[in-house]
Amino acid sequence: MSPEASSAPRSLAEALRARDDASLAALLRDRPDLVAPVPTDLTQLATRAGTRASVLRALEHLDRFALQTAQALAIAPDPATYETLHELLAGDDGDPAVTEALPGTVAALRRQALIWGDDDRLHLVRTARELLAPSPQHPSPTGLGPTVREATSGMSPGRVQQIVNTAGLPSTHDPVSAVTALTALFTDRKRMDALLAGAPEAAREVLTRLMWGPPYGQVTADPAAHLRWLLDRGLLLPTAPGTVVLPREVALHLRGGRAHRVPEPVPPAVEPTVAHGPRIVDATAAGQAYTALATIEDLLKQWDQGGPAVLRAGGLSVRDLKRTAVALDAPEPIAAFWIELAYAAGLLASDGAADERYAPTPAYDTWLERPVAERWGRLAAAWLAATRTAGLIGGRDIKDRALSALGPGLDRSAAPEVRHRVLTLLAGLPAGVAPTPEAVLNRLTWERPLRTPQRDGTEDLRIRLARWTLSEAELLGVTGRGALSSHGRALLGAAPEPADSPLSATGQSTATAVGLLAPLLPEPLDHVLLQADLTAVAPGPLLRPLAETLGVLADVESKGGATVYRFTPASVRRALDAGQTAADLHAFLAQHSRTPVPQPLTYLIDDVARRHGHLRVGVASAYVRCDDDSVLNEIIADKRAAALRLRRLAPTVLAAPCDPATLLEGLRALGYAPAAESAQGDVLITRADAHRTPPRTAPEPVPEGPPTPDTVLLTAAVRAIRAGDVAATTPLKAAGPQPAGGELPRTSPADTLATMQAAVMTGEAVWIGYVNADGAASQRVVAPIRVEGGFVTAYDHTADEVRTYPLHRITGVAELAED
C-alpha cells in the first residue's frame, strides 16, 4: 500500500479528526443540529452527522447545483474521483460553467460533512447515498436506473452468458466476470458506438425515450424484433415480468456522460424589468406606509369597546372576519393580514375574561403616542420577524381543520428567512428597479429546490411564502411599485443573515429606517374645511386631538386622499353626551376651520343642544322628568311609545319598568334628545370606556430548527470535542489493567490512590473511569494536582477545566502511553 493511500481517511470520523478547529467550527455553524447537545468526541460527531434526520436537514439547505453534485455522487462508484464527478456533471464535451463552479461546491459539501475524502477518493455520506440513489420505489431526479450489476443480480448465469455472447464478448467462467465485461463494454465509448451503429432505427428510438428517464418500460411476453435486439444485448434488462429497465451505464453513454439533462451551476439572475425614479418609489412606499398605519388604527378603534369573541378552538370566526373586512373596506385576505400584523406587534390580544374577546392591549395606547414613523417601524419590524403566516388563513391543516385568523396552526418557521431573502434579492437591484415576481421565485427555487411534490398539488411552501412577502411588503410600504424603498433597505439591515435566526428587526437599523421614512410622511394638519352641506373635509392626516374630537362630533363618510366627515343630529348629540357644550363645539369648529362655520351647521348644533337634556332619565326602574309637562303629554300620546309602558307619577315625571339605557334608546328613536342623570340629579357624561386586555407580550416567533451557535459557543464546543477525542483515542500503557472498548478502567481503591499520588509527583496525565452522583459513567483524561481528604483535584482535559473528584466514585485508573 502506498503512503498516500495509507494516509487517506478511512471514515468520516478520521476525516473530521484531520480538520483544524476553524473547519470544525464551520461545520457546526452550517449544521447547528450537530451541536445540541455538544458531542463527546469526533466519533460521536461523525455518527450524528450521518443520521437520517441530520442529513435530510442538510440536504434541504443545498442549492440546486450542490444537490445535483450530491445526486451525481450517489450514482457514481464509491469512492469516486473528482474527475469522475466532473464528467458526470459536465459531460463528455465539458461545460465551462460546471468546471468553474464545481470546486467550490465540492468544498462546501465537504465543509458540511456530506462528502469526505480527498479528491481521488470522494465518499458521499452513506445516508445521503441511500436517500439520493435511484431505486424503483424512489426514482432519482437524474432519471437514471440501476447499474448492470444491480439489474442482473437475480438473473441466471446462463442468461448472463447469452447476453455477453450476443453483445460480441467472449464467454467467461463465472457470472461476476461476465457482468464486469458487460459493464466495461457499456462504459467504453468507442465500442458502444460500434454496437449501437447496428441497432435498428426503432430500437434507437426506444433508447432515446428512456435515456432521460424514467428508465423503466413495459414489454409483452413476445416482444417486437427491435425490443428483442435490445434485450439480447443487455441494452434493456428485465427487472420483473413484463418490465425492463435501461441500465445506468447505457443511459450515461446515450446522454454523453451527463447525469442531469441540464446542470445548473449558475443561479438564475433576478433581472430588472421596470425602473422608476427612487424618489417615486420612496414616495409611493411612504404613502402606503401611512395607509397601513391608518388601517391598523381603524381596526383597533373598531375593537376599542371589545372586539369579536374568541372561538372555543381559538381564533376569529369566519363571520367576524367578513365583518372586519367590510369595515376596513378590504378583501378578507388583506383584512386577515392587518389583524395578524396587529397581533404580531403586540397591539392586539384576547382579554382572557370568561366571555373571552379580542381587544387592544395597553401597548396600543403607548404606540399611539409615538411619532408616526416610529409606529411604522414597530409594525415593519414585527412583520419581518413573525412566523405567523396570514396567507394560510382560510386553508386547511394536515388534520383537515380550517385555519382561522388569530388561531393556532399559522406558524411557519421558514417565514422570516424567506422574507429576509426576498428583500435581499430586491436590495441587490439598483434603487428604483423592480423585478418580476417570477424572476424572484425562480431564484428562490434554485437556492432551495423542491425535491418532493406537494400532496395537495399546491406550490412549495417557500414559494408561497415568497409570493405573500412581495404583496405584504407592498401593503406595508416596505416596497413601492415593486421596488425596495430606501427605508426598506435600511430595515433589511436590521435582520440577521439567513444563516442566523432572523427573529428580530430592532436596533440601529430600524432607527435608520424610521429616520429615512419620517421626512416622506405627510405632516399632520390642524385644520379642516367646513362646507355648507354639513360636511367637513380633512385635506390630509389630522393631529390626533383634532381627529379624536372630530371623530366624536361627526361621522366619517369617505376616506382617501382627503377624509370627509358628516355632521348629523346623532353625531352632535354624541358629542354633547361626551360632556361638550354647544359653546365648546362652536369654539372648536371656529378654531380648526379654514372656512367660516356654515350657518346650517351652527343651527344644527344649537337645535340639538337646545333639546339635549330637556328630558332626564334616571332609575325608577327608570323615569323621565321634564319641567315642561306638555312634552310629557306628547310622549304619552305617541303610539310609538306604547312599548315603553310609560305611566305618569307627577305632572313632570313619567316612570317605566325598563332599565334607563333601554328608555334612553327608545326616546331617542322617537326623535327626542334625553340625557341620563345620576341619583343626585346631575347629568351623566357618557364617554365610551375603552376596553383593554391585561398586559400582553407579542407572540414569540417559532424558530426553524436549532439556533445558529455564536462564536463563544462554537469555540467551547470545538474545545470540548477535541478534549473528548483525546480522552477516547489516547492509548494506554501495556502494563496494568486494560479497559475493553467502551468499558471503564477497573483498579482497586489502593491502586487508584497510589497511581493518583504518583501522578501528582510526576505531573503526568492519567486515564480514569468516573461515575457521577446520577450514576452516569464516563472516561476522562486528567492531570492530578492534589490528593487529600478522599478527593482528587485535577485538571480535566476532557472538560478543559480544574475539577474535584471523590476517590470513591473513580472506578479505576490507567496510565497513558508516552506517545
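Formation of a donor-acceptor pair under 3.5 Å by the Asp118 side chain with backbone atoms of Arg121 is not found in this model. Side-chain atoms of Arg110 come within 3.5 Å of backbone N or O of Gly117 as a donor-acceptor pair. Formation of a donor-acceptor pair under 3.5 Å by the Glu249 side chain with backbone atoms of Val148 is found in this model. Although no hydrogens or angles enter the test, the distance criterion places no donor-acceptor pair under 3.5 Å between the side chain of Arg401 and the main chain of Ile398. Between the side chain of Thr51 and the main chain of Arg48, a donor-acceptor pair closer than 3.5 Å is present. In terms of modelled atom types and a separation under 3.5 Å, the side chain of Thr436 and the main chain of Ala439 share a donor-acceptor contact. Within the 3.5 Å criterion, the main-chain N or O of Arg481 finds a donor-acceptor partner in the side chain of Glu474.
At a threshold of 4.5 Å between non-hydrogen side-chain atoms, the residues Leu461 and Thr389 do not count as touching. Side-chain contact between Gln112 and Leu34 is absent, with no heavy-atom pair separated by less than 4.5 Å. Side-chain contact between Arg52 and Leu56 is present, with heavy atoms from C-beta onward closer than 4.5 Å. Counting heavy atoms from C-beta outward, Asp95 and Leu89 have side chains that stay 4.5 Å or more apart. Considering only heavy atoms from C-beta on, Asp30 stays 4.5 Å or farther from His61 through its side chain. The shortest side-chain heavy-atom distance between Asp63 and Pro267 does not fall under the 4.5 Å cut-off. You'll find the side chain of Arg388 reaches within 4.5 Å of the side chain of Asp411, heavy atoms only. Within the 4.5 Å cutoff, side-chain heavy atoms of Leu102 are placed close to those of Phe65.
Defined by atom type and a distance below 3.5 Å, a donor-acceptor pair is missing between the side-chain atoms of Arg258 and Thr142.
Here the options are Val125, Leu114, Leu124, the test is side chain to side chain contact (heavy atoms under 4.5 Å, CB included), and the partner is Leu109; only Leu114 passes.
Taking the salt bridge (charged side-chain N to carboxylate O under 4.0 Å, His left out) definition, one finds that Glu264 meets it with Arg64, sequence neighbours left out.
Here the straight-line distance linking atom OG1 of Thr81 with atom CG of Leu122 works out to 7.5 Å at 0.5 Å rounding.
The existence of a salt bridge linking Glu417 and Arg421 is excluded, since no basic side-chain nitrogen approaches an acidic carboxylate oxygen closer than 4.0 Å. Taking 4.0 Å as the cut-off between side-chain N and carboxylate O, Asp193 and Arg189 do not count as a salt-bridged pair. The pair Glu60-Arg57 does not count as a salt bridge, with every side-chain nitrogen at least 4.0 angstrom from each carboxylate oxygen.
In this structure, Pro134 and Gly145 approach most closely via the heavy-atom pair CG-O, 3.9 Å. Pairing each heavy atom of Leu24 with each of Leu16, the nearest pair is CD2-O, 4.0 Å. Listed here is the closest heavy atom pair of His260 and Trp212: C-CZ3, 3.5 Å.
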* Can you list the steps and then say if Ser54 with Arg31 is a side-chain hydrogen bond (donor to acceptor under 3.5 Å, both in side chains)? -> CA-CA 8 Å; Ser54 182; Arg31 298 174 63 177; 2.7 Å; yes

